Number of protein chains: 2
Amino acid sequence: MSSERQDEIQWLLQEHGNLTVTELAKRFNVSEMTIRRDLKNLAALGLIQREHGRAIYPPVLPTEILMMSMGEAEREKSRIGHLAATLITEGDSVILDAGTTTLGVAQALTTKCTVITNSIPIAGVLGNRNEITVLLTGGEVQGKNFALVGPLTRSVLKGFNADKLFLGATGVAIERGLSTANMLESEVKQEMLKVAKEVILVAHSAKIGQIYFHTFARWDSIQTLVTDSGLEEEIRDKLNSMGVKVLLA
Amino acid sequence: MSSERQDEIQWLLQEHGNLTVTELAKRFNVSEMTIRRDLKNLAALGLIQREHGRAIYPPVLPTEILMMSMGEAEREKSRIGHLAATLITEGDSVILDAGTTTLGVAQALTTKCTVITNSIPIAGVLGNRNEITVLLTGGEVQGKNFALVGPLTRSVLKGFNADKLFLGATGVAIERGLSTANMLESEVKQEMLKVAKEVILVAHSAKIGQIYFHTFARWDSIQTLVTDSGLEEEIRDKLNSMGVKVLLA
DNA sequence: TAAATATATGTTTATTTAAACATTTTTTTA
DNA sequence: TAAAAAAATGTTTAAATAAACATATATTTA
């Protein structure tokens with residue numbers, strides 16, 4: 001199947017940094033055209049970088065921002081956002097992680113509260129709602145998804161105490177917990193987990209079952225998952241048995 | 001010259017959104033190879049996006065940030081920005097204060113350097129130029145201009161050392177120095193002044209002669225003023241005699 | 001100013017690309 | 001299970017690309 005090969009290409013690239021189309025075609029015993037199509041898909045998702053004749057890792061950034069404008073997933077993410085936003089009570093201090101699903105939470109937010117975020121788009125959305133105080137963490141600006149990362153971000157987060165954390169993830173899996181392709185983002189998420197009393201994972205069901213390069217959280221640190229109705233029964237049951245409350249939008 | 005053509009290509013792309021290499025080669029009466037080299041440069045700077053046979057604008061930016069325009073006096077502010085940007089040398093670490101004129105500096109910036117800013121719009125403009133490292137200070141998001149202010153902003157700034165500070169001001173006057181109507185912004189500007197080796201004031205000539213609520217700097221802390229040709233001779237002479245170098249865009 | 005050097009541009013060519021269509025494999029539906 | 005539909009892959013071909021080298025044009029330097 002093409003998606004398995006594409007996963008494998010990612011791993012190979014992480015190892016070798018830089019592989020040609022010809023090399024990959026030989027490796028998988030498929031035509032170069034097929035490899036090109038794989039690389040095009042991966043590049044469209046922002047998971048690799050493309051050059052003439054070759055593929056490069058690391059990617060500039062995950063293109064989650066692009067998915068926001070891709071239509072169908074947008075609707076579900078918006079629903080997830082609305083449901084998640086109801087979990088906030090007036091006066092809460094809330095951390096909103098960077099990501100398109102958490103951006104959905106920001107857009108749905110009407111409760112008077114304080115928001116701490118490392119996402120420039122979220123700060124943009126909430127910036128002029130005068131009932132909401134928005135604190136943007138400092139940090140290095142990551143192109144494409146406009147998240148703030150790095151040591152400054154982490155040290156700023158250390159200074160806060162939050163009632164609730166709305167956390168995003170690139171990959172969500174029963175056995176491997178929450179993962180992402182970007183180490184810098186992982187580190188920031190881990191800092192967020194440390195300073196939040198309650199953790200709510202918001203994730204589109206398509207992300208469930210995916211595993212990326214770095215696991216930043218195990219299930220025991222997550223209290224609630226808000227996702228859409230695409231979630232399989234079996235997984236839902238497993239999560240419940242692990243003590244994770246599951247809400248479907 | 002190649003860089004002028006590259007500027008022009010950017011403008012054309014902003015207008016048309018999407019142009020082929022062949023079209024551009026005809027337009028400028030140069031070979032397709034030359035256009036390809038231009039596009040490669042622009043793409044390397046993150047200023048355009050490349051596809052097989054064509055160039056695309058703009059690279060994905062959060063809409064809120066794009067909407068931030070410079071308002072009145074846009075032309076002159078853009079000119080001031082271009083001139084001011086030439087003062088930056090490769091490898092500099094530069095603080096860009098929040099404001100529309102400093103936003104003009106950001107837009108004109110092509111030199112490889114590190115930018116520290118408390119302005120969300122500036123971070124938006126520079127965020128995906130991969131030759132430029134952008135550090136956004138943390139802080140509370142101020143609704144109207146999307147500047148970051150408050151104690152967090154100040155304490156983050158304390159940790160930096162910058163070669164150059166590009167400073168904006170609401171009011172600029174010979175006798176009363178630089179002023180603004182907003183106390184929180186004043187405090188942040190003063191912190192910036194403390195950590196910068198060299199200070200360049202960028203201000204539209206219409207601001208000169210105006211005095212606002214709070215003076216945050218006197219002339220002895222300013223080395224250079226970049227403004228437009230609307231500046232009166234008399235004021236220019238006075239500034240020179242005070243040791244302020246004046247540049248007219 | 002002239003020579004030296006760096007930068008920009010053009011030309012040729014082998015390689016890479018994507019579109020179009022054909023074929024195979026997988027998945028869905030009846 | 002068989003038929004239909006969808007997805008993945010392969011093949012051919014015209015267009016696009018980048019490397020290598022040649023030539024022209026600025027920019028320094030002596």
Side-chain angles (χ1 to χ4, degrees), chain A residues 1-13 16-57 59-60 63 66-67 70-73 205-206 208-210 229-230 232-234, chain B residues 1-13 16-57 59 85-86 89-91 110-112 130-131:
Chain A
M1 256 278 261
S2 72
S3 64
E4 283 155 27
R5 187 180 51 243
Q6 286 175 24
D7 283 352
E8 187 61 28
I9 288 174
Q10 271 194 73
W11 287 106
L12 286 171
L13 272 176
H16 299 93
N18 180 336
L19 291 165
T20 68
V21 172
T22 314
E23 282 167 349
L24 286 166
K26 273 188 195 142
R27 177 73 131 98
F28 291 100
N29 219 38
V30 293
S31 74
E32 300 200 346
M33 191 68 236
T34 300
I35 295 296
R36 263 182 222 115
R37 283 190 267 241
D38 288 339
L39 297 182
K40 198 178 181 184
N41 287 342
L42 290 167
L45 292 167
L47 296 168
I48 64 160
Q49 256 183 305
R50 202 58 222 288
E51 282 217 349
H52 204 76
R54 52 167 30 75
I56 298 171
Y57 184 89
V60 197
T63 331
L66 280 179
M67 292 187 71
M70 271 176 34
E72 39 179 329
S205 63
I208 293 164
Q210 308 249 48
S229 52
E232 288 167 38
E233 272 293 325
E234 188 197 337
Chain B
M1 255 281 257
S2 72
S3 65
E4 284 155 27
R5 185 180 52 242
Q6 286 175 25
D7 280 354
E8 188 61 27
I9 288 174
Q10 268 195 77
W11 288 109
L12 285 171
L13 273 176
H16 299 94
N18 179 334
L19 292 165
T20 68
V21 172
T22 313
E23 282 167 349
L24 286 166
K26 273 188 195 141
R27 179 73 132 93
F28 290 101
N29 220 37
V30 293
S31 74
E32 300 199 347
M33 191 67 236
T34 300
I35 295 295
R36 264 182 223 116
R37 283 190 266 242
D38 288 339
L39 297 183
K40 198 178 181 184
N41 287 341
L42 290 167
L45 291 167
L47 296 168
I48 64 161
Q49 265 181 305
R50 201 60 223 289
E51 282 216 350
H52 204 76
R54 51 168 31 77
I56 299 170
Y57 185 92
T86 64
T89 46
E90 192 163 322
T110 50
T111 320
K112 190 173 180 170
N130 24 24
E131 299 292 312

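These numbers come from the heavy atoms of this one structure, side chains and all, not from hydrogens, waters or symmetry mates. To find a chain, count down the sequence lines: A is the first, B the second, and so on, and within it residues start at 1. Source: prediction; values computed, not measured.
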Residue pairs, two or more places apart or on separate chains, that pass salt bridge (charged side-chain N to carboxylate O under 4.0 Å, His left out) and touch residues 19-36 of chain A: Glu32(A)-Arg36(A)

Any side-chain heavy-atom pair of Leu24(B) and Leu39(B) under 4.5 Å: yes

Option passing side chain to side chain contact (heavy atoms under 4.5 Å, CB included) with Ile35(A) (candidates Thr22(A), Leu19(A), Val21(A)): Val21(A)

Presence of Arg5(A) side-chain N/O under 4.0 Å of dT9(D) phosphate oxygens OP1/OP2: yes

Phosphate OP1/OP2 of dG10(C): any Ser31(B) side-chain N/O under 4.0 Å: yes

Find the distance [X]:[atom1] to [N]:[atom2] and express it as a whole number of Å.
{"X": "Ile9(A)", "N": "dA8(D)", "atom1": "CD1", "atom2": "C1'", "value": "14 Å"}
{"X": "Ile35(A)", "N": "dT16(C)", "atom1": "CD1", "atom2": "P", "value": "14 Å"}
{"X": "Gln6(B)", "N": "dT7(C)", "atom1": "CD", "atom2": "C1'", "value": "13 Å"}
{"X": "Arg37(A)", "N": "dT16(C)", "atom1": "CZ", "atom2": "P", "value": "17 Å"}

To the nearest 0.5 Å, what is the distance between [atom1] on [X] and [atom2] on [Y]?
{"X": "Ile208(A)", "Y": "Glu232(A)", "atom1": "CD1", "atom2": "CD", "answer": "9.0 Å"}
{"X": "Arg50(B)", "Y": "Arg50(A)", "atom1": "CZ", "atom2": "CZ", "answer": "13.5 Å"}
{"X": "Lys40(B)", "Y": "Met33(B)", "atom1": "NZ", "atom2": "CE", "answer": "7.5 Å"}
{"X": "Glu8(A)", "Y": "Asp38(A)", "atom1": "CD", "atom2": "CG", "answer": "11.5 Å"}

Find every protein N or O atom lying less than 3.5 Å from an N or O atom of nucleotides 14-18 of chain D, and list the pairs.
unit_1, atom_1, unit_2, atom_2, d
dA16(D), O4', His52(B), NE2, 3.2
dA16(D), O3', Gly53(B), N, 3.0
dT17(D), OP1, Arg50(B), NH2, 2.6
dT17(D), OP1, Gly53(B), N, 2.5
dT17(D), OP2, Arg36(B), NE, 2.8
dT17(D), O3', His52(A), ND1, 3.4

Difference in axis direction between the ends of the helix from dT1(C)-dA30(D) to dA30(C)-dT1(D), five pairs, 10°: 40°

